[in-house]
There are 2 protein chains.
Amino acid sequence: MEKSDNEEREQRILDAAADLFVHYGYDKTTVDDIARQAGVSKGAIYLHFKSKDELFEGLLVRETMVYHEKWLQLIDADPKGGTIGGMYKNVLYALNSSPFMSAMFRRDGRVLGNYLRKPNNFFRRQNQSTRYEFVKMMQDAGAIRQDIDPKIIAHIMNMLAYGLVAMDEIMAAEFIPPADDVIEGIAEIMDRALTPDDGGNNEAGKAILRQISEAGRQQFEQMNNQNEREPK
Amino acid sequence: MEKSDNEEREQRILDAAADLFVHYGYDKTTVDDIARQAGVSKGAIYLHFKSKDELFEGLLVRETMVYHEKWLQLIDADPKGGTIGGMYKNVLYALNSSPFMSAMFRRDGRVLGNYLRKPNNFFRRQNQSTRYEFVKMMQDAGAIRQDIDPKIIAHIMNMLAYGLVAMDEIMAAEFIPPADDVIEGIAEIMDRALTPDDGGNNEAGKAILRQISEAGRQQFEQMNNQNEREPK
DNA sequence: TTGTGACTGATTTGTCGTATTTGGTCATAT
DNA sequence: ATATGACCAAATACGACAAATCAGTCACAA
């Protein structure tokens, strides 16, 4: 066995790391800081993670999983979760509710620091947008009108997500409307613009969603393993 | 008379400056570089502009005017220029066609360099989005449906414009669809989602547009004068 | 009057040696 | 076995000084 199996402690470490990385950034956060905040010794951290890098990537993995689970759950619970607007709305809520994921999505230089310089980091090895698959399948399931290129829709969705988490880099916060209102507005626009003329199929949309979700998680796990196999 | 009235030379200087600032950024572009590229002496530049800062701001003013003129013209020439999608499409085309304006819009740190640190720079003194006025008036003119908050629409439009010029900061260029296709996609979505049920009023839209345009230019001139009155 | 480019003072950049911090290890304690 | 924190090599930050660069000026030329 490589790593410690003290799951609860590992979570405490990751919790502390998330807080500190978001607040102080990768560079200014020391392993000692994380240990202190998590209430464990420094050595204990190295029982869970081989290096600071891998701790960071472990956090990235956990947060990504939590994020995916969260929007899936929100959509499941939402009566309108089967429409394209209803889905995307909950994706945005999930993204916006996690400061760490938001920082990752916008490639926040302050938060990521030197991690971005690493030769084989997460962002370098991620290739294509997963959003395209999502839109394509939604379209095939009849939740999005046919006469429109899914690649473009996927990209516009990415633009909106980026805008949601990054507009404060070009505008004073006081001029940015509340995120909830913006998200609801986006959902309304998406529904109006992309729902097929027959009104779409709410239930089919939700059904296909679970498939996508499962496939996405598998792909993610795979990429993560791939990582660990790579030489340092 | 403060400045030289050799208008043609001033334009040559600004042309050279635009090229160099976009390519090398504010810091790496020297006044000597600009003089050389414009084919004038360094002294001549100071016959037109008090300082490098003011040269930069002069460029900002010119490019902003050109940009506004360009989208106005495009909309005027576009048969569908009176719909919200038709309008916004041409605004995005104009923005995307100017590397300098694109860099300004995304507050490109490489291009702006130390100019951003100046205590009273352009970005610090600009307050509210002009896009809100635009949307509000379009709505009053009946080109946008009433049952939707113009502040939110305006902000979403800003998000999309930002996405258009800034997505390459978080994605490899090869995964970004052609800008034209993205713009057309956005226009289609806007039209579908925001046109009133009665189909809107194309001509009224165009008419009101000219008013907005004129008001916008006046406001801009005013802000620009305000700037020159401010102490250094 | 209009334009030039050599000149200058201030700022920036580069260098290098020293002090401090920090990621990671491991002998020791529990 | 499991966990700790003192310890070490490597990286980073700092300071002081030298060298280079550059924005802006001005005596002179056209």
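Predicted model, so just to flag it, every value in this text is computed and none were measured. Below, read A as the first sequence line, B as the second, and so on, with proteins coming before strands; counting in each chain starts at 1.
In this structure, the OH atom of B:Y46 is 13 Å from the P atom of D:dC26, given to the nearest Å. Computed from coordinates, the A:L55 CG to C:dT22 C1' distance equals 14 Å when rounded to whole Å. If you measure from atom NZ of B:K118 to atom C1' of C:dT11, you get 11 Å, rounded to the nearest angstrom. One interatomic measurement links the two molecules: CZ of B:F49 to P of D:dA23, which rounds to 15 Å at whole-angstrom precision. At whole-Å resolution of the value, NZ in B:K28 and P in D:dT21 are 11 Å apart. Distance CD (B:E10) to C1' (C:dG3): 16 Å, rounded to an integer number of Å. Atom CD1 in B:I34 sits about 12 Å away from atom C1' in D:dC22, given to the nearest Å. Atom CZ in B:R36 sits roughly 13 Å away from atom C1' in D:dT21 (whole-Å rounding).
Remark: the backbone N or O of A:A173 is not paired with any side-chain donor or acceptor of A:D168 at under 3.5 angstrom.
Ionic pairing of B:R62 and B:D15 is present here: one or more N-O contacts between side-chain nitrogen and carboxylate oxygen are shorter than 4.0 angstrom. The existence of a salt bridge linking A:E57 and A:R125 is confirmed by a sub-4.0 Å separation between a basic side-chain nitrogen and an acidic carboxylate oxygen. Taking the charged nitrogens against the carboxylate oxygens, A:R107 and B:E169 have no contact shorter than 4.0 Å, which rules out a salt bridge.
Comparing A:N114 and B:Y26 by the nucleotide of DNA chain D whose heavy atom lies nearest to each, the residue mapping closer to the 5' end is A:N114. A residue-by-residue look at B:G43 and B:D27 shows that B:G43 has its nearest nucleotide of DNA chain C further toward the 5' end.
For A:K42 against C:dG24, a side-chain-to-base donor-acceptor contact under 3.5 Å is present. With hydrogens and angles ignored, no donor-acceptor pair closer than 3.5 Å exists between the side chain of B:K52 and the base of D:dG24.
The A:N6 side chain lies nearest to D:dA3 when the options are C:dT25, D:dT4, D:dA3. Looking at the side chain of A:L47, the nearest of the listed nucleotides D:dA23, C:dG24, D:dA3 is D:dA3.
Because its NZ or CZ atom is both nearer than 6.0 Å to the ring centre of B:Y26 and within 45° of the ring axis, B:K52 counts as a cation-pi partner of that residue.
Remark: B:R9 is not in phosphate contact with C:dT2, judged by side-chain N or O atoms under 4.0 Å from OP1 or OP2.
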